[in-house]
Amino acid sequence: MTNVRRLLLVGASALVLLALPAGGAIAADLDDVLYEARGSTYTASRLVVSLWGGQTQVTREFVEHSDGMEMVRRDTTWSMVGNGKAALMDEESTGVTFLTHQPGISADRYTITQLDKVTHMSRSCHIVEVREGDVLRAAFVVDNRSGALLIQELYNGNGSLYRRTTLSDFRAYRMYEAPMDGNDVPMEIVMPEESALLPEFVAGYQLADAFSAPGGSEQGFYSDGLFRFSLFVLSGHTTVSGFEEPMAFVAESGVYDMVPTAHAVRLHWEDGSKQYVLVGDLPPDHLGDVLSELPSPDAGSMWTKWWRRLFG
Amino acid sequence: MLLSSYLDGALTPVELDEVVVALETDEVAIVEFRRLQEIRRAVRVLPMLDMPLHLLPGEHLGEQLSAYLDGELVTLEMPVVSAHLNTCIECRRELAELDKSRTAVRALPGIEPPEFLEVHRVAKDDRKHGRRTALAVVSGVAAVALAFTFGPFTSEPEPTAVSISDLQSRHTAVASVSSTPLGIQVSSSP
């Protein structure tokens with residue numbers, strides 16, 4: 001190799017290196033963006049604001065995020081979430097572990113646009129917009145160095161913002177030893193099961209896994225690669241607590257009891273023989289589409305209700 | 001001392017706040033914290049002990065499943081067993097069956113001893129102790145026998161109430177397996 005060729009090669013390599021953003025390559029698609037965010041390591045204060053049915057839900061919490069695990073402190077309560085585990089870390093800590101390998105559900109119905117670099121909280125970032133066709137579904141401010149999503153904005157189909165999550169007091173780490181790992185918490189172990197009851201696809205969401213759940217119920221976990229929800233199918237006998245003072249969610253398929261939180265929407269309804277609980281982070285218009293493909297709420301005549309009460 | 005407890009996750013919330021402030025402002029504390037981390041890191045990278053053959057991936061877990069459910073595995077065994085469970089359907093099924101059997105046994109009502117088995121209080125201490133032990137053994141055996149005799153023929157008792165917090169925690173746990181980091185929450189109250 002001549003000296004000229006060598007120089008050209010070194011020069012080209014240097015140009016390629018300079019073209020890469022500081023701290024790592026920008027993700028190519030939505031799956032990569034979310035994967036890198038999941039693997040980021042940081043501590044931060046997290047503020048989540050959601051708008052559901054004209055009401056605002058707000059949560060402020062301190063988060064330690066490392067390798068897919070999160071330790072979350074809300075007021076004086078710690079909880080641990082990640083890699084299939086969820087546990088409350090109080091005096092009588094208990095938790096649940098799902099031993100499952102979900103199929104990689106690709107976020108095919110979404111496309112992303114990477115916008116110009118921005119500086120946020122004195123950090124070098126870029127903006128990622130997620131669209132479903134022409135509809136803006138999400139906008140993220142992504143920290144270039146760690147891949148963490150410093151701001152997440154989620155949009156309804158009509159363009160209105162329904163959830164905004166912001167991180168402040170953000171500190172990124174290469175390595176971080178979380179103060180708690182949850183290894184001492186007794187965990188219920190749950191494994192996936194075959195289900196003949198749950199539909200494989202609902203309004204663009206794919207059934208990733210099915211599990212048995214409390215009260216003889218069945219849990220179906222659905223995802224479209226970006227948003228997720230769980231559908232719990234319970235027998236008519238089961239009492240579901242937590243819906244004592246619900247809001248009404250009105251969809252074309254009927255009226256549902258709704259108790260939203262800052263992080264998720266939670267619905268409850270009954271048809272003739274079963275009860276259903278839906279928990280998820282999906283946008284309101286997606287929720288309407290999903291509900292239209294599931295059994296509808298049964299207004300039920302007085303006789304039906306009495307019959308069910310007496311004989312189940 | 002507090003820094004060590006911080007790494008062990010043994011601090012109270014108040015102590016934790018103190019440590020966080022110290023690590024932000026106090027240079028001596030920061031240096032000490034780094035030194036402590038380095039020491040721990042050095043300990044962690046010490047050569048591991050040789051792994052027993054029966055723990056190597058590929059072997060089914062057998063009796064270790066029971067220890068896994070009891071939380072009696074030693075630290076060294078835990079990652080190996082977890083990794084095996086992630087890949088072996090047979091062991092996962094066996095673990096599920098084992099867990100179901102234990103739940104059935106736990107759900108059995110306690111058995112009260114009939115009157116004619118009542119221990120005479122005037123008996124000597126050693127005799128009393130022996131009878132009670134025998135009674136416990138008889139009760140235990142009877143409970144297990146009942147579980148295996150009637151367990152398969154009776155329908156599983158159906159709990160009558162579930163809470164939305166529990167269902168949400170289950171959703172959160174499953175959702176945390178996938179790569180999407182949106183909407184994570186474990187609730188303690190509805």
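In what follows, chains carry the letters A, B, and so on, assigned in the order in which the sequence lines appear, proteins first and then strands, with residues in each chain numbered from 1.
- The two residues A:S230 and B:H171 make their nearest non-hydrogen contact at OG-ND1, 2.8 Å.
- Nearest heavy atoms, B:V177 versus A:N83: CG2-C, 4.2 Å.
- Shortest non-hydrogen contact noted between B:R170 and A:F98 is O-CE1, 3.6 Å.
- A:A86 and B:S169 make their closest contact through CB-O, 3.7 Å (heavy atoms, listed as atom of the first residue, atom of the second, distance).
- Between B:L16 and A:R73, the closest side-chain pair of non-hydrogen atoms falls below 4.5 Å.
- Between B:I164 and A:G242, the shortest heavy-atom contact is CG2-CA, 3.6 Å.
- Atom CD of residue A:E70 and atom OG of residue B:S176 lie 9.5 Å apart, to the nearest 0.5 angstrom.
- Side-chain contact of B:Q168 with A:R266: a donor-acceptor pair under 3.5 Å is present, judged by distance alone.
- Looking at A:V277, only its side chain comes within 4.5 Å of chain B, counting heavy atoms on both sides.
- Between B:D166 and A:P214, the shortest heavy-atom contact is OD2-CG, 3.2 Å.
- Counting heavy-atom pairs closer than 4.5 Å to chain B, the top-ranked of the candidates A:F221, A:F211, A:F229 is A:F221.
- Contacts with chain B were tallied for A:V48, A:T76, A:I189, A:T97; A:I189 has the most, counting heavy-atom pairs under 4.5 Å.
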